[in-house]
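Just so it is clear: chains get the letters A, B, ... in the order the sequence lines come, proteins before strands, and each one is counted from 1.
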Amino acid sequence: MSGDSSQTAPGEPLLRVEGLRTWFPIKSGVFQRTVGHVRAVDGVDITVHAGETVALVGESGCGKTTAGRSLLRLIEPREGVVFFEGRDLLKLPKKELRDARRTAQMVFQDPMSSLNPRLRVRDIIAEGMDSFGIGRDKAERTERVAELLERVQLKADHMSRYPHEFSGGQRQRIGIARALSVEPRLLVLDEAVSALDVSIQAQVLNLLSELQRDLALAYLFITHDLSVVRYLAKRVCVMYLGQVVEEASAEELFRDPQHPYTRGLLSAIPSIDPDRRGLDVSFEGDVPSSANPPSGCRFHTRCPQVMDRCRVEEPQLIQLSGRQSRCFLSEEGSCGVSLG
Amino acid sequence: MARLAESLTTGSGSGSDLSRRCQAMAWRSLLGLVAFACFGCSNSPYPEEDSDTKILYRSFEEAPKNLDPAYAYTTSATAILGRVYDTLLEYHYLKRPYQLIGGIAKEVPTAEVLDDGTIRYGFELRGEMLYQDDPCFAAYGGGATRQVLAGDLVFAFQRLADPLVNSPVFQSFANLKGFAEFAKALAERRKRDPAFRKLPPREQYRAVGGISGVVSEGPHHFELVLARPYPQILEWLAMHFSAPVPWEAVQHYDGKEGRDHFKDHPVGSGPYYLSEYAKESRYVLEKNLNWYGVKHPEWKAAGAVYPTSGAPGDEAHGLLPAEYVGKPLPFIERIVTVRDKESIPAFGKFLQGYYDSSGIVKESFDQLVRGDALSEEMSARGMKLEKSAKSDIFYLGFNMDDPVVGSAKGARSRALRQAMSLMVDVLEYTRVFTNGRGIPAQSPLPPGIFGYDAEYKNPFRTVDLKRAQALMVEAGYPGGIDPKTNKPLRLSFDTSDTSPDGGARFKFFVKAWRQLGISVEVSATDYNRFQKKMREGAFQIFQWGWVADYPDPENFMFLLWSKMSRKKSGGPNTANFSNAKYDELFLKMATRENDDRRMEIMKEMRTLLEHERPWIELYHRESYVLRHGWLKNVKAPGLSLPVSKYWDLDAAERGRRRTEWNRPIYWPAFLLLFMGLAIIAPGIRTFYQERQ
Amino acid sequence: MESWMVSNLVVAVLLVGGAWIAVAVSRHDIWRAAVQQVWKRRPGAVLVVCVYVLLALLDSVAWRGNVDTGSDVVAQHEAVTLLERLFGDAQEKSYSAPLADIEFYDHSPLKHPGSHLFGTDILGGDVFLMTLKGARVALLIGGLTSLIAIPLALLFGIPAGYFGKRIDDVVFFIMSTLASIPTLLLLISITVALGRSTLVVCFALAVTSWVGFCRIARGETMKLREMDYVHAARLMGASETTIILRHILPNLMHLVVITFVLMFSGLVLSEAVLAWLGIGVNGSWGLMIAKAKDELSRDPAVWWNVGGAGVGLFGLLLAVNFLGDAVRDALDPRTRKES
Amino acid sequence: MLAYVLRKLAYGGLTVLGVLLLIFVIFFAMARPDDVARRALGEKAQGAQIEKWKAKHGYDKPLWPTLAKPGGSLLQAHYVSLLSFEFGNSDLNDSPIGTTIRDGMGASLALTIPMFLSGLVLGLVLALFVAFFRETYIDTMGVFLCVLGMSVSILIYIIGSQFVFAKMLRWFPISGFDTDVIADGNWNLLLRFLALPVTVGVLSSFGGDTRFYRTVFVEEVNRDYVRTARAKGAGEMRVMLRHVLRNAMIPILTRVVVAIPFLFTGSLLLEAFFGIPGLGSITVDAIAGNDFSVLRVMVYIFALLFILAQIATDISYTLVDPRVRLE
């Protein structure tokens, strides 16, 4: 491992995100003036400790993927703080950013588009090593590629093949191998298994937990699939319309969800319809536009327990014992009251 | 989704209705097309109702640019102006060499040398000549028309001098006494006096005092006084530049308030008037009933009746038929001229009888001619061929300022030019490219021009490979090898003719010179670039042509006069030939009348050119005018003169021939239709069989 | 160095380059599969195109000596191409019909009776040989133009698509300006302004044809820019240049090949129209056709010149058009899915 | 919507300015006024005359504006004259270019409108026909014929058709046109003149068009909603006409609207060969005569029409397909 000065101080989390906002401008008029914003991510706080798995859960379109990409600055966020290994990634100039985010890598959702179809597996995996100067020469890097492939339970001689010759699961393993090639401490897994068959999902998840054990990796697990979360994550953040509405340890969350939205989510699994596996929640109405989020509580338009207050006042994250929730109901300490 | 379903249900009823209506319409239009195919199909480009009138149909390639008689200088404009305007003098229709006869002047004047050394020509105008009817006369208080007066001629000459008219022939008239002075005074006064500028031209001219050498005395007497001898002035008077122009027309047609420009609206006193003018596409000339030839057939004026005598052979050619001799002109009622830019379609239409003669000289129709006569098939169709030598010269020129081919190297480069001249086989050239049309040129002078000698053979204009090779050794290029590079001598040939046709023609010369070991590269550029090269003298060999303005040797010989050098003065001496001896002889010859002494001087010049070889003379064009049998009295002119007032045509015969030649052939249409069906039908059948 | 030596050198470079591409393609199985698919679908078209390429190469290799030049002294110092050596260059004086023994108009006997498969032209040149030689010019027009246009399009299109913002605005403005001017008029204007040579004609054709591909390249780059593998590469520390060269450009290559084949026929056809306007390339079929305009109106008509050029042009275009379809089907992921 | 249209127009205006600059560079910076003058005045013109001519036509100004004298340059005159549609007079024959263009427009439209409409209808009908019989030999043959048609140079079409239909079979005049015919309403004669050029025009473009339409249709035929419609019992013909044709409108519209400027400018080759005095023909004349003043106006007008057509296409998208959003 390189990067000595950027080592996390003891007790300090590996990744600390505060108030992350990513807005996309809406342009209109003759001169394309910005008339508004799509608030894809609107004030998200996440903390990930070394070696820990944190899940970021939400319906599609809630901004979780944008949040994942924004904190690595693949998309430029509007404001916020992303402390990673003691440095604020958002304040770094481009050159330093490159080195700073080496130890934070990402595994992508779509196994089709995450690997360059024109490159051999060897070159895909070795790219990071080449540019960061890991390994002395080409031969050594090739050797490491072989190791990595075996590590993700592929064969070393697969390295001379092209991506299209592999199945989805295999490709995802290649993606993981690539991420591992630069010796990261944090992996952002962006829906890393959602596109795979259930059986293969399990295999990949097993592999991930194995890797975590061996390499002391931290995972930020972005998904819409709560069943996966239960299996892997230690802590869970639930997102709705660009905001975190509830955060708790996995165990507590599944046992006693605080936010009506979370409750709705949990009631939806397991689903029978294989196409609707995951979070297709039986709430009334459509998801509001994040360009024009509802006033007051963002969930009030669909909340089964909506109160007058919710329409006017915006709830803050309320600290409960070791967990948080963005709901006035939690404020009153009357969790679970209205479930029946 | 709901909307879609709705439209599905409601659409069905009206849909079938619609398709039924569509079917009916389709059938009807198909029937209409078939009907058109059977009855309306014809290749005639004219409305039917005109077929019995005496209308002459002609075509033109390039649109006339400007119809101001003082300014226009193109063949396409001459074709209109020469018919609309009457000139002081004219050329005899049949006689060769060209002979001047009276036009609106009763006779051709003789020069009178005055005491101060100036030369006077006096003209007696015919009385009671009228202009065509035109609204411009009424606009200035007149009637439909008015008489042609000597004052109109004075006005026309003043216009030639007017810097604002910017006449291209200014120089040619500058020998008139007071001509240049008038132009200068006019320009100065205009500069000084803004009020003067606003006056109509006629009043401006009058205020400056006119040209002292151009005088009218009374309505019908007119005089020209030349400061220097310039006998060629009479030839200029046979052209439209100095034709009488009514001042009313110039003043009225100013382009304002919806009126035409004068340059688009000629008003003259000639045999025809312009009745319709769609500049880019077509124009119509109608017989002018005010013309003196029509109003006064009893005058038997030389330019208004069919000639009674002609050149030798004309009678045998049927050019002096009894029913026309001495009859008043014109015979043709209307001349319709249509634009045909491409030569193939134009000639095709001629063959189909839709043009009466093919005046355009194009290689494409020469195949109809075998040797000197028409092919049998064409003769059988009643076509006639008219041949005449044109007063022009086509030549290859050397740039005499060039270090290799020019005069700088003296005898060496002369030998090179001589050798190259010996290789160009004009007979073969004309055989391949012009079907033998063209008289091999021995000197700049074409037949029909004073000084032309049919017996004369230029010793450097017959092919002689041996002698040329010897001359190459003399020039310092034995076997064509340039000792500097040890490779064949490289020369460049410049042209602005980028057409594929031109490419082949230049290749002919290149091939000829290759036999001497000279490698000539053709560089065909666009006109601008070519002009630039010519102007700057950055060229070696070029091809050029010159068409005479008037039939006088001076008009050819001055092409090599050093004062006319293209590089120095922008003149037409494109070879930049400069020879003191030649210049001296030229000045002597230029102002002389056609006499023996003049002939001698010209022989001397000829010998000089023969030796110096600034040019390789190629040929003088022969115009072959092909015409249909129903067009009569046609003698091809060598100069570009509009002579159709002498022509006549038999409209009934033309109508008959046209129908006979243009019966459409229909069976291939049915064959095609049948074949199409035969291919598609089985496919459709199997398709439906498989469906079921 | 003389032009024929340059030409030989170019042929050598082309052959080496071709061999290199062949090896690269055979090792790369996406390309190999595409080639196989094209070959399976349109073997005829592939063969015909190969024949044209072969003719063009044969006409580009030249050397001096060993030919009977007759009276032509200069020719002894000139290089003669392999094609001319193979098919001979029997000269007549003027027109003769295909396989005729006598001249067409003059009826005088020919020097090489019965040897002119397509007859001879106005200067007695063998039309068959000229038709074959036209292949080189056509391929030169298509090839040289693409060689200018495609890199130009990539040079503008990729940065516009990748970096967006100002660069995109500028490139888009240039594109819409150029695209607003009618192709033919722009072509003519450029050739009139720059003079007349093969290179200028190709340049003019390139200027008028790069915009279309630039637009495609720009759009595709915009799409590729958002691909996950590009994001991954960025996280892997790849610089912008590396990303463009390694991840964007190779994924545009199939479009380059498709565009090249589809553009080709249009270029050769445009040249024919230019030839009619007097700005064609020497020795092209377009020039032969333009010449034939007059020849057909002769009576009896000279048809073999336009016939030879027409057949040569038609054969190439037909083959290239079919090949274009096949290549597009083989390489374009969209059509591949459908078929 | 208004803002969208305005923005498109503003961008169009900007493009026009760019086009004008390009035209200026091509026509003035690369060709010198001296040459133009000589060309206009003819071979026999003298030096002083050329100067006079240049002054008269305003070509005696400096090309580019200088700091010392920002106004009075050719560049400025160029922009002012074209933007104000004061085209001035032709270099070659001094006739007002505006009038020439107005006169030529009629003939061009007389040729191109029938050509455009019949080409469109024929292309669509043939494409529908071929798409209807897709995957039979009619389809294969249709596509083959299209490629065949695309592989023939338009020059060959013109020369060949004049030779066969006019010269040999004598169905139509070889060439010609009469502007009076339109005014007189002599439809028979007009039809006779136009039949051949229209046929050639349609023939030369039907291959590419038909093939394009066919691809669009076949793509639509394979969509779900068409299958649904068919499953609901709609006849094949109805499916083709009502569903496929309607839904293929967007790509077809794109192709068609772009072709509209050509209606006004006519076809260079067709007009020149068939002697139709339209704008195309005027352009060919201008090329042959190096008449830059006319050529530059023609380029400008074409570009203008093209830009307008582009804007029209963008707007028409929103009308045809409500799914296309304005932003």
Does C:Arg41 make a cation-pi contact with C:Phe322, if we ask for NZ or CZ under 6.0 Å from the ring centre and within 45° of the axis?
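Here C:Arg41 fails the 6.0 Å and 45° test against C:Phe322.
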Taking every non-hydrogen pair under 4.5 Å, which of [options] racks up the most with chain C?
{"options": "A:Arg120, A:Arg101, A:Gln109", "answer": "A:Arg101"}
{"options": "A:Met106, A:Arg178, A:His164", "answer": "A:Arg178"}
{"options": "A:Ser113, A:Ser131, A:Gly128", "answer": "A:Ser113"}
{"options": "A:Val182, A:Asp110, A:Leu119", "answer": "A:Leu119"}

Quick check on the interface: out of C:Arg246, C:Met253, C:Arg234, who has the most heavy-atom pairs with chain A under 4.5 Å?
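Top option by heavy-atom pairs under 4.5 Å: C:Arg246.
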Aromatic ring proximity A:His37/A:Phe24, centre distance under 6.0 Å:
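Not close enough - the centres of the two rings lie 6.0 Å or further apart.
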Will you find, in the side chains of C:His254 and C:Glu220, an N or O donor that is under 3.5 Å from an N or O acceptor?
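No, no side-chain donor-acceptor contact under 3.5 Å.
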Are A:Glu85 and A:Arg185 close enough for a salt bridge, meaning some N to O gap below 4.0 Å?
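Salt bridge: yes.
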Please look at [X] and chain C and tell me whether the side chain, the backbone, both or neither of the residue comes under 4.5 angstrom of a heavy atom of that chain.
{"X": "A:Leu97", "result": "neither"}
{"X": "A:Leu115", "result": "backbone"}
{"X": "A:Asp123", "result": "both"}
{"X": "A:Arg73", "result": "neither"}

With no hydrogens and no angle check, is any side-chain donor or acceptor of A:Asp197 less than 3.5 Å from a backbone partner on A:Ile200?
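Absent.
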Derivation of the salt bridge (charged side-chain N to carboxylate O under 4.0 Å, His left out) call for C:Asp325 and C:Arg328
CA-CA 5 Å; C:Asp325 279 359; C:Arg328 184 168 47 191; 3.4 Å; yes
Test log, rule side-chain hydrogen bond (donor to acceptor under 3.5 Å, both in side chains), inputs A:Arg122 and A:Ser160
CA-CA 6 Å; A:Arg122 190 244 154 224; A:Ser160 57; over 6 Å; no
